[in-house]
Amino acid sequence: MVFSAKQLRVFALFLCGLQEAALSHGGLCTDTQCFGVFVKPTRYSDARRVCEDFSGRMFRYNLTVLTDIFKSLPDGEFWLEQEEAAATPQNCSSVALTPERSFAHRRAPCHQTLSGFLCQYPLQDSCSQLEPAGASRVNYTAHMDFAVWNSQIFPMGTTAEAFAAGSQHLEWKRLCISGFWLEAPWNCEVMKGGCEHGCNVTTASCTCPAGQSLHGNNLSCVEDPCARCAQECRREGDARVCGCKEGYRLGRDGRSCVDVDECEDGDPCTGEGEECVNVEGSFECHCEDGLEREEGACVNRSICFKCEHMKCVKSSGVYECACQEGYRVRANDPTKCDRHCEESRCEPQCDPNSQGQMQCFCPEGYILDQSNSSGVCIQIDECEHACEHTCVKTPGGFRCSCFEGFILHRDSRCLPVGRERARHRRVPGAVRRAAPLPHLQLGEAVPQVRPRDPQAPKHRHLPPAAGHHRDLQEVVLLMSLFPTPTDTPGQPSGFKTMKYLSQKLGAVMVNV
């Protein structure tokens, strides 16, 4: 509701007067006037000023009215309107209430302090008595700050407060303005809108201090049930209860919040190499010791610090050592690199710092040919004399197989189907690695051995002398191809050559 300028001036006067007025006790209103008794030690001049500030005057002695308004007043002496006939500058009129509840009209020195004073006010723009539904009682308070008793009519500015039975809080509050009752909250400029604590001018609604919340009547303030909540307050039905944020649970006291250990309730970190770490109100997924997070995954990079060639690559999310060109990762040690050659001939690796003659080395499966000054690594034909029927080279070895109608026996022999022994059966295609061959020194020639004809009959079925003689002829041929090698001190003359020939001879003798 919007008040007129006149009404605002009237209420402003009421408010200013209330700041200086005595504590009121009570009064009553008739058809034309209201009478109020103010209980406060006061001198006559101060009492007169208070009455006039509310557009009233001091009460003139009237025994009938005094009988009604003094029914529940305490004993004492109160200032009245000065009678003109008996007025003197030194003495003023008063009325005394004795313990026997009788009245005595007296005169007292005007400078003396009495128990209180009585005022009377003209009645204008009044409101009639309210008949509240459901309320057990309604209290009326005039704007002059006294309770109005036993009245059917009330002056403008009177507030009416309704209380339900057994309740300390208001049901509602209304203000008498220009002959009708206005329900609170109203304009904040007038008596704080009828609010108990504060009024929001923008919204014209009541407010409460910290730790309190607005009562259901939208006027009073009550202790906030959520004031002690550690984190949140939630409404459950008609009640308000404390709650907690995600990652916390409500404590036993119903107010505090306790951190939830997500790592104990169930490991939420499901990534490979991840472990759960609990933090306040949440959790974090960390990588296990030795692992690092990369592109959202935990990877092991520790092998990269051990790579011989200081090269590391990531393959299918896993880090592996890599080698420089011409090398490959060692099969039994993923951090080391070995020479690798994919051709039949390749350059050797030589050590220029070796004492005496320079030492050169070839990749596995190759032999050094130093027939010229530069030297070259030549791939060893490990299939030579290794298999009875067919030989297939494999990285670092070879695989024997047999013709149709034969079965592989002891990795290299071929027996007709049906004649093999069950306890010696082998899976066709089994790999047999050749015995390592020694490196030949500079000046040694690579032996050239005639490969065995796979269509030739087995030696076992030839006359023993003929088979032996042919094999021995091959051995002699091999010996004639090799010059005398340089022997290592402490070894017999021709040791290296004989060692190589003995291996070749052993391959020949397998067929005997």
Side-chain angles (χ1 to χ4, degrees), residues 1-15 17-18 21 23-38 50-51 53-57 59-60 62 64-73 118-196 199 204 206 217-220:
M1 174 181 180
V2 179
F3 294 99
S4 66
K6 178 181 178 181
Q7 292 170 331
L8 290 175
R9 285 196 300 270
V10 171
F11 283 118
L13 179 62
F14 292 164
L15 292 176
L18 284 173
L23 293 175
S24 66
H25 190 84
L28 58 86
C29 295
T30 63
D31 292 339
T32 59
Q33 296 187 87
C34 288
F35 306 94
V37 180
F38 296 90
V50 170
C51 292
D53 284 344
F54 284 95
S55 301
R57 61 185 177 84
F59 174 73
R60 288 184 179 181
N62 185 319
T64 302
V65 174
L66 286 175
T67 301
D68 291 335
I69 65 176
F70 272 92
K71 287 181 179 179
S72 22
L73 287 179
L118 282 76
C119 298
Q120 66 183 58
Y121 307 92
L123 189 60
Q124 297 177 351
D125 298 325
S126 59
C127 295
S128 60
Q129 187 179 24
L130 292 168
E131 296 294 338
S136 60
R137 73 181 191 278
V138 179
N139 296 338
Y140 297 92
T141 304
H143 68 272
M144 295 79 76
D145 196 26
F146 64 84
V148 182
W149 301 326
N150 304 322
S151 300
Q152 301 296 318
I153 193 169
F154 304 91
M156 185 175 71
T158 299
T159 58
E161 297 178 331
F163 293 85
S167 174
Q168 298 179 349
H169 299 289
L170 288 171
E171 288 290 317
W172 47 258
K173 187 175 184 178
R174 296 177 184 176
L175 175 67
C176 177
I177 177 72
S178 299
F180 70 92
W181 293 101
L182 177 66
E183 189 166 0
W186 50 76
N187 195 311
C188 293
E189 297 177 2
V190 178
M191 301 171 64
K192 296 191 304 183
C195 300
E196 178 182 319
C199 185
C206 299
N217 57 24
N218 294 323
L219 301 172
S220 306

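None of these values were measured; they are calculated from a predicted model. Note: hydrogens, waters and symmetry copies are ignored here, and every other heavy atom, side chains too, is used.
- Nearest heavy-atom pair, Phe54 versus His143, reported as atom, atom and distance to 0.1 Å: CE2-O, 3.5 Å.
- Taking all atoms of both residues into account, the shortest heavy-atom contact from Leu28 to Val148 is CA-CG1, 4.3 Å.
- Looking only at side-chain heavy atoms (C-beta outward), Phe163 and Leu170 come within less than 4.5 Å of each other.
- A distance of 13.5 Å separates NZ of Lys173 from CG of Asn218, quoted to the nearest 0.5 Å.
- Ring-plane geometry between Trp181 and Tyr140 is classed as tilted, the angle between the planes lying from 30 to 60 degrees on a 0 to 90 degree scale.
- Here the closest non-hydrogen pair linking Cys176 and Asp125 is SG-O, 3.9 Å.
- Leu118 and Cys51 make their closest contact through O-SG, 3.9 Å (heavy atoms, listed as atom of the first residue, atom of the second, distance).
- With rounding to the nearest 0.5 Å, the separation of CE in Met144 from OG in Ser55 is 9.5 Å.
- Remark: Lys192 NZ to Cys199 SG distance equals 9.5 Å, nearest 0.5 Å.
- Cysteine sulfur proximity is satisfied for Cys195 and Cys206, their SG distance being under 2.5 angstrom.
- For the atom pair CD of Glu161 and CZ of Arg137, the computed distance is 9.5 Å after rounding to the nearest 0.5 Å.
- Cys127 places none of its side-chain heavy atoms less than 4.5 Å from the side chain of Arg174.
- Atom CD of Gln33 sits about 9.5 Å away from atom CZ of Arg60, to the nearest 0.5 Å.
- Put simply, the side chain of Thr30 reaches to within 4.5 Å of the side chain of Phe35, judged on heavy atoms.
- Taking every heavy atom of both residues into account, Ala142 and Pro155 meet most closely at CB-CG, 4.1 Å.
- Using a distance-only test at 3.5 Å, with no hydrogens or angles considered, no donor-acceptor pair links the side chain of Thr158 to the main chain of Met156.
- In this structure, CZ on Phe146 lies 5.0 Å from SG on Cys34, to the nearest 0.5 angstrom.
- When all heavy atoms of Ala184 and Gly194 are compared, the pair lying nearest together is CB-CA, 4.4 Å.
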